[in-house]
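Atoms considered below: every heavy atom in the structure, side chains included; atoms not considered: hydrogens, waters and symmetry mates. Proteins get letters first, then strands, A, B, ... in listed order; numbering begins at 1 in each.
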2 protein chains.
Amino acid sequence: MKRSPGFDLESFLPYRLSVTTNRVSRAFAAQYQQEFGISIPEWRAIAVLGAFAPLSSNGIVERTAMDKAKVSRAVANLLKRGLIEREPHATDQRLIQLTLSKAGRKIYEAVIPRARAIEAEVTKGLSKADIAHLHWTLDRISARLDETESE
Amino acid sequence: MKRSPGFDLESFLPYRLSVTTNRVSRAFAAQYQQEFGISIPEWRAIAVLGAFAPLSSNGIVERTAMDKAKVSRAVANLLKRGLIEREPHATDQRLIQLTLSKAGRKIYEAVIPRARAIEAEVTKGLSKADIAHLHWTLDRISARLDETESE
DNA sequence: TGACATTCGTTTCATTTGAAACGATCGTAA
DNA sequence: TTACGATCGTTTCAAATGAAACGAATGTCA
């Protein structure tokens, strides 16, 4: 009557994903933190502002998969440190247009190559095809989650 | 002088890993929470105790990649709820032998097939080879992190 | 126009988190 | 034996987190 023989947590996919991802996140956070003094939420906000500014806070929410409270706090910090600038939206007073400041863009341009370097380091030993396959796999899983969550 | 043209956060591997993994974790946490009333740290402790009991708290730490504070809290909760039992180690008074109780094993055996089912659901559409490749890829990344961190 | 729901962003609240301090126990070496 | 450092597990503390409440602004529809 003994079921589930030899369940192995270490080969359980959600566990493996979680552990590996957390390690990667830590490695990155350490870099950003010590070299640029920014957290991961702040880095994400800077990244999308660098590419898509001007954006509202909600625009950042949509592009970073962070909830609005987190974005609000990240934005508040970046404003306090003068890395982004805000100005009211022309017609919709609820929206706030956010842009990288001079200093913010400087950090953006310093961080990007650094980020790419760390990404390359982590994926060293993987071929282009391996990496493409990983992205494809993550896409498939995400798609499955979309289906599952909307049931 | 404009560097880093078109950096795309959504194809940035650490970001993708983080977002996808968090979604998977949430989906699982919701299941465990509502069906069995246990958190992810608690579930992990139960999982390794189910397979390797008796274990000390430190044994759980080593097999779950959680820090000892987290394990300590999870163990305290499971004890309070009568899902695990503790008895002193024969020779080393610092160690505490932990085992699943009757009720704990019941939950363990109920959760395992459920966990496998959700895993199967998330990986639906992926072939055996795809999943094997994903595990292999995560192994490679972990190995790279091992090297990087020990430098 | 007015009433009502919705959206935006902030703030509050309870919970979770990891780092560090801690007491207790053990191993080791003088 | 007696120090001294290491290990085990708990607890404390400050920071991060997400859910929910909130005020302000906009959209919708009668």
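Salt bridge annotation for A:Lys124-A:Glu121: absent, with no cationic side-chain nitrogen under 4.0 angstrom from a carboxylate oxygen. At a threshold of 4.0 Å, the pair B:Glu147-B:Arg144 counts as salt-bridged, since one of the basic side-chain nitrogens sits closer than that to a carboxylate oxygen.
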*Footprint string (nucleotides 14-21 of chain C, 5' to 3'): B base within contact, S backbone only, - free, heavy atoms under 4.0 Å*: ---BBB--
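For A:Arg94, taking side-chain heavy atoms from C-beta onward, the closest of the listed nucleotides C:dA24, D:dG9, C:dT6 is C:dT6. Distance from the side chain of A:Ser57 is smallest for C:dT10 among the nucleotides D:dC8, D:dT26, C:dT10. Checking D:dA25, C:dG9, C:dT25 against the side-chain heavy atoms of A:Ser56 singles out C:dG9 as nearest.
Applying the salt bridge (charged side-chain N to carboxylate O under 4.0 Å, His left out) test to pairs two or more places apart or on separate chains, those with a residue in residues 88-101 of chain A are A:Asp92-A:Arg94. The salt bridge (charged side-chain N to carboxylate O under 4.0 Å, His left out) analysis of residues 48-57 of chain A, with sequence neighbours excluded, yields no pairs.
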Please table the atom pairs, donor to acceptor, closer than 3.5 Å between any side-chain atom in residues 68-75 of chain A and protein atoms at least two apart or in another chain.
none

Return a table of donor-acceptor pairs under 3.5 angstrom between the side chains of residues 32-40 of chain A and protein atoms on other chains or two or more places apart.
from	atom 1	to	atom 2	distance (Å)
A:Glu35	OE1	A:Arg114	NE	3.2
A:Glu35	OE2	A:Arg114	NE	3.2
A:Ser39	OG	A:Glu42	N	3.4

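Considering B:Ile141, B:Thr148, B:Asp146 as possible partners of A:Arg23, the one that fulfils the side-chain contact (heavy atoms from CB on, under 4.5 Å) test is B:Asp146.
Taking atom CD1 of residue B:Ile96 and atom C1' of nucleotide D:dG9, one finds them 6 Å apart after rounding to whole Å. In this structure, A:Asp92 places its CG atom 17 Å from P of C:dT6, rounding to the nearest Å. As rounded to whole Å, 14 Å separates atom C1' of C:dG9 from atom CE of A:Met66. Between the P atom of C:dC8 and the CG atom of A:Leu98 lies a distance of 14 Å, rounded to the nearest Å. Atom CD of B:Gln33 and atom C1' of D:dA19 are 14 Å apart (whole Å). If you measure from atom CG of A:Asn58 to atom C1' of C:dC8, you get 7 Å, rounded to the nearest angstrom. Counting to the nearest Å, the C1' atom of C:dC8 and the CG atom of A:Leu55 are 15 Å from each other. In this structure, the NE2 atom of B:His89 is 12 Å from the C1' atom of C:dC26, given to the nearest Å.
With no hydrogens or angles considered, a side-chain donor-acceptor pair links A:Ser18 and B:Arg44 at under 3.5 Å. Side-chain atoms of B:Ser25 and B:Asn22 include no donor-acceptor pair closer than 3.5 Å.
Between B:Ser72 and the phosphate of D:dT10, there is a side-chain N or O to OP1/OP2 separation shorter than 4.0 Å.
Sorted by residue number, the list of members of residues 13-20 of chain A with any non-hydrogen atom under 4.0 Å from DNA chain D is empty.
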